[in-house]
There are 2 protein chains.
Amino acid sequence: MPAKKRGTTSSSKSADFSQVDVARLAGVSQAAVSRAFTPGGSLSDDTRAKVMAAVKQLGYRPNVIARSLVQNSTNIIGLVVKRFTNPFYAQMIQEFTRVLQEQGYWTLVFNIAEKQEIEEALPMALQYRVDGLIITSATLSSKLADECARSGTPVVSFNRYATDGHSHMVYCDNFEGGRMVADALIDAGHTRIAYIAGEESSSTNRDRETGFVRRLEERGHALALRESAGEYDYEMGYAAAERLLLSGTPRPDAIFCANDLIAMGALDLARCKLGIKIPAELSIIGFDDIPAAGWPSYELTTVRQPFGILVDTTIQVLMDAIHDPESEVIKKVVTPTLIWRGSSRRKE
Amino acid sequence: MPAKKRGTTSSSKSADFSQVDVARLAGVSQAAVSRAFTPGGSLSDDTRAKVMAAVKQLGYRPNVIARSLVQNSTNIIGLVVKRFTNPFYAQMIQEFTRVLQEQGYWTLVFNIAEKQEIEEALPMALQYRVDGLIITSATLSSKLADECARSGTPVVSFNRYATDGHSHMVYCDNFEGGRMVADALIDAGHTRIAYIAGEESSSTNRDRETGFVRRLEERGHALALRESAGEYDYEMGYAAAERLLLSGTPRPDAIFCANDLIAMGALDLARCKLGIKIPAELSIIGFDDIPAAGWPSYELTTVRQPFGILVDTTIQVLMDAIHDPESEVIKKVVTPTLIWRGSSRRKE
DNA sequence: ATGAAAGCGCTAACAT
DNA sequence: ATGTTAGCGCTTTCAT
């Protein structure tokens with residue numbers, strides 16, 4: 001089946017040359033060719049020149065797959081993602097691929113739509129012998145985590161907990177972010193405070209909400225209303241806000257949304273459909289600080305996740321784990337920042 | 001360097017088992033194990049059972065890298081991307097990875113920031129022996145295209161021309177899209193019509209602009225003003241609109257922007273900073289139809305690229321090319337649709 | 001500095 | 001149906 005053409009006879013198509021071909025043409029051993037491509041391979045200038053001439057003449061290109069087989073290392077990192085269209089995650093992936101490339105790694109993307117799909121995707125990643133895994137928007141079952149550990153593949157969970165005992169973790173302090181928002185809203189004098197949740201099962205949602213609600217309570221406030229978008233997207237945020245604001249109960253004077261997309265949906269519903277004045281009649285605060293949050297049409301107050309730091313840290317942790325497979329589980333927490341903009345009232 | 005543990009002795013960490021290990025445990029030949037993992041491999045139920053028992057006991061997982069080496073096929077598609085953060089492209093990548101996975105392929109992402117970087121990224125893709133390449137947001141030099149052809153790696157250029165004689169092409173009819181906008185604006189009675197360009201060197205920009213301007217001229221109109229954002233993003237669009245609308249010359253009454261992000265930047269500048277009424281005083285039309293274009297805060301009239309069709313077609317073309325490497329260059333053109341929304345006046 | 005040879009884990013052709 | 005054998009293209013000893 002492989003339509004492979006070998007040998008020295010000049011044939012025009014689909015010809016992949018190997019080091020044997022190069023060696024033959026250069027009049028050296030195949031090992032010499034290999035050394036010419038090995039950093040630190042000891043080779044005389046003369047032979048190296050001969051090799052390179054032959055390489056150029058044939059248009060030879062090393063076969064990374066073969067190298068990966070013998071070195072038991074692919075220089076590929078598996079990136080498991082979901083919710084791709086959320087700008088926050090899109091930007092993440094962009095950064096991950098970019099920074100990884102700078103470090104000489106390539107990114108194999110595993111796109112999981114349903115929760116269960118990670119059970120298929122992850123074994124594939126292991127079969128491809130990736131050197132490491134970054135998991136965003138999914139949680140490894142402990143069985144999967146064990147398999148990764150057994151095969152010596154380090155895993156970094158990005159922006160979520162992992163209690164499997166093997167995965168490293170890098171995440172934003174979502175709990176603290178929730179607290180910040182509670183303080184901001186209380187300080188601004190709000191009294192009927194609501195929360196719109198994102199994906200209920202996600203640890204990001206749980207932490208943001210818990211931090212938020214606990215802090216409200218600490219300061220003698222209760223959560224007045226709660227609604228759930230179910231997903232982290234605009235449309236679901238819009239719909240959730242609709243349920244929240246048209247529920248018949250007295251309208252809240254502030255809403256904390258689990259992320260920016262939800263907040264923008266809520267904001268649009270409130271001002272475009274219901275004609276509510278933002279922030280005079282209603283404050284809205286999001287989470288992430290995606291680019292659109294800063295656009296003049298939204299001016300969304302939000303909790304910024306410092307994603308450059310998150311990405312760099314994640315990759316650093318992964319690289320450390322790759323080079324020291326025996327290391328203990330590493331956990332890095334990054335602190336978010338509240339970004340004040342026009343969608344919320346300020347302290348009087 | 002590879003810390004590999006072999007053999008039958010039960011050792012706990014980093015143990016990757018091979019078919020030899022499985023065979024030994026199952027009391028069959030190594031080839032039998034291979035056959036157990038080969039779709040049409042002939043094997044008795046008895047041996048298959050023995051193999052599977054051993055597989056399970058050891059936690060054996062096939063090594064795809066080794067298979068790729070012998071089969072000369074990786075089941076990996078290289079995806080070359082740029083401008084990741086543009087929602088249109090983010091959505092594309094999401095779709096590409098999803099659909100490719102459905103077909104049993106995995107996506108290796110090559111993120112190129114600078115134009116020149118494709119000269120490094122593409123050879124790497126070839127070294128990884130990808131089964132095919134999808135190029136978005138970049139143009140292959142004919143030298144690179146030749147190398148792909150020589151190595152038998154099919155290439156599909158996504159949303160851009162390729163005149164290299166090898167690359168297949170799937171793109172939206174940007175020229176026609178430009179014409180549609182010209183008609184829409186003229187029909188609505190606009191007389192001072194402007195254009196804000198995206199990345200000047202991109203074929204998408206060139207085609208949209210050419211189609212637009214030609215059609216204006218056909219109908220006896222001239223382009224009143226032209227400004228360039230230089231990039232396809234919001235900030236550059238905002239800045240370009242600022243130059244355009246504050247240039248001192250009489251203000252245009254309509255602007256066609258090379259894509260939605262630029263249009264949203266222009267729209268925000270016009271109404272938030274300059275207080276211009278949209279669309280009463282100024283019509284704005286974009287291109288792409290990203291999700292945000294439909295949000296109530298923007299209601300952006302735009303030319304929709306049917307991206308589901310674009311992606312499906314691209315992958316279909318690529319699959320065909322993979323299975324018939326000798327095929328002629330394929331070119332598929334997809335027609336866009338004008339989506340009317342509130343940011344532009346309608347025919348009176 | 002260089003070549004010869006072993007072997008990475010697998011598939012596939014060739015026996016039987 | 002199953003085992004034997006020969007590679008795939010490469011790195012890496014081990015000699016020299």
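We name chains A, B, ... by the order of the sequence lines, and we start the count at 1 in each one.
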| task | Describe the nucleic acid contact of A/Ala31 in one word from base, sugar-phosphate, nothing, applying a heavy-atom distance below 4.0 Å. | result | base
| task | Please check the phosphate of D/dC10 (OP1 and OP2 only) for any side-chain N or O of A/Tyr60 closer than 4.0 Å. | result | yes
| remark: Taken to the nearest whole Å, CD/A/Gln127 to C1'/C/dG9 is 13 Å
| message | In whole Å, I'd like the distance from the CD atom of B/Gln71 to the P atom of C/dG9. | response | 17 Å
| message | Regarding B/Ser42, tell me which of base, sugar-phosphate or nothing describes its non-hydrogen contacts under 4.0 Å with the strands shown. | response | base
Extract all donor-acceptor atom pairs below 3.5 Å that involve side chains of residues 35-46 of chain A and protein atoms in other chains or at least two apart in sequence.
residue : atom : partner : partner atom : Å
A/Thr38 : OG1  : A/Ser34 : O            : 2.8
A/Ser44 : OG   : A/Thr47 : N            : 3.1
A/Ser44 : OG   : A/Thr47 : OG1          : 2.4

| query | When all nucleic acid strands are considered with a 4.0 Å heavy-atom cut-off, which category describes B/Val64: base, sugar-phosphate, or nothing? | reply | nothing
| Most 5' of B/Arg129 and B/Asp46 on DNA chain D, judged by nearest nucleotide | B/Asp46
| A/Ile65 CD1 to D/dC10 P: how many Å, rounded? | 11 Å
| note | Applied to residues 121-133 of chain B, the side-chain hydrogen bond (donor to acceptor under 3.5 Å, both in side chains) test, sequence neighbours excluded, yields A/Asp16-B/Arg129, B/Ser73-B/Asp131, B/Thr74-B/Asp131
Nucleotide N/O of nucleotides 14-16 of chain D paired with protein N/O under 3.5 Å:
none

| Touch check for A/Leu43, heavy atoms < 4.0 angstrom, all strands: base, sugar-phosphate only, or nothing? | sugar-phosphate
| message | The criterion is salt bridge (charged side-chain N to carboxylate O under 4.0 Å, His left out); which residues satisfy it with B/Lys56, sequence neighbours excluded? | response | none
| request: Classify the nucleic acid contact of B/Ser68 as base, sugar-phosphate or nothing, counting any heavy atom under 4.0 Å across all strands shown. | output: nothing
| message | Does C/dG3 have OP1 or OP2 under 4.0 Å away from a side-chain N or O of A/Ser29? | response | yes
| request: Test B/Phe110 against every option in B/Glu117, B/Glu120, B/Met124 by the side-chain contact (heavy atoms from CB on, under 4.5 Å) rule and name the one that passes. | output: B/Met124
| message | Please report the distance, rounded to the nearest Å, between CG in B/Asn63 and C1' in C/dG7. | response | 14 Å
| What does the inter-axis angle of the helix from C/dA1-D/dT16 to C/dT16-D/dA1 come out as, five pairs per end, nearest 10 degrees? | 40°
| request: Using atom CG of A/Leu58 as one end and atom P of D/dG9 as the other, report the distance to the nearest whole Å. | output: 14 Å
| Separation of atom CZ in B/Arg48 from atom C1' in D/dT2, rounded to whole Å | 13 Å
| message | Just to verify, what does A/Tyr89 make a ring pair (Phe, Tyr, Trp, His ring centres under 6.0 Å) with, not counting sequence neighbours? | response | none
| said: Between A/Arg61 and B/Glu147, does any NZ, NE, NH1 or NH2 come within less than 4.0 Å of an OD or OE carboxylate oxygen? | reply: yes
| field | Sequence-distant partners of B/Tyr171, ring pair (Phe, Tyr, Trp, His ring centres under 6.0 Å), two or more places apart | value | B/Tyr161
| message | Using the side-chain heavy atoms of A/Ala66, tell me which of these nucleotides is nearest: C/dG9, D/dG3, D/dC10. | response | D/dC10
| request: Calculate the interatomic distance between A/Gln30 atom CD and C/dA6 atom P; express it in whole Å. | output: 14 Å
Under 3.5 Å, side-chain donor or acceptor atoms of residues 99-109 of chain B against the rest of the protein: list the pairs with distances, not counting sequence neighbours.
residue  : atom : partner  : partner atom : Å
B/Gln101 : OE1  : A/Asn111 : N            : 2.7
B/Gln101 : NE2  : A/Asn111 : O            : 3.0
B/Glu102 : OE2  : B/Arg98  : NH1          : 2.7

| message | Please report the distance, rounded to the nearest Å, between CZ in A/Arg67 and P in C/dC10. | response | 21 Å
| message | At 4.0 Å (heavy atoms only), tell me whether A/Ser34 reaches a base, stays on the sugar-phosphate, or touches nothing. | response | base
| said: Check this for me, if you would: do B/Asp146 and B/Lys143 make a salt bridge, where the nitrogen-to-carboxylate-oxygen distance has to be below 4.0 angstrom? | reply: no
| query | If you look only at pairs with a residue in residues 131-156 of chain A, which of them pass as a ring-ring contact (aromatic ring centres under 6.0 Å, His included), with sequence neighbours excluded? | reply | none
| OP1 or OP2 of D/dA1 less than 4.0 angstrom from a side-chain nitrogen or oxygen of B/Ser44, does that happen here? | no
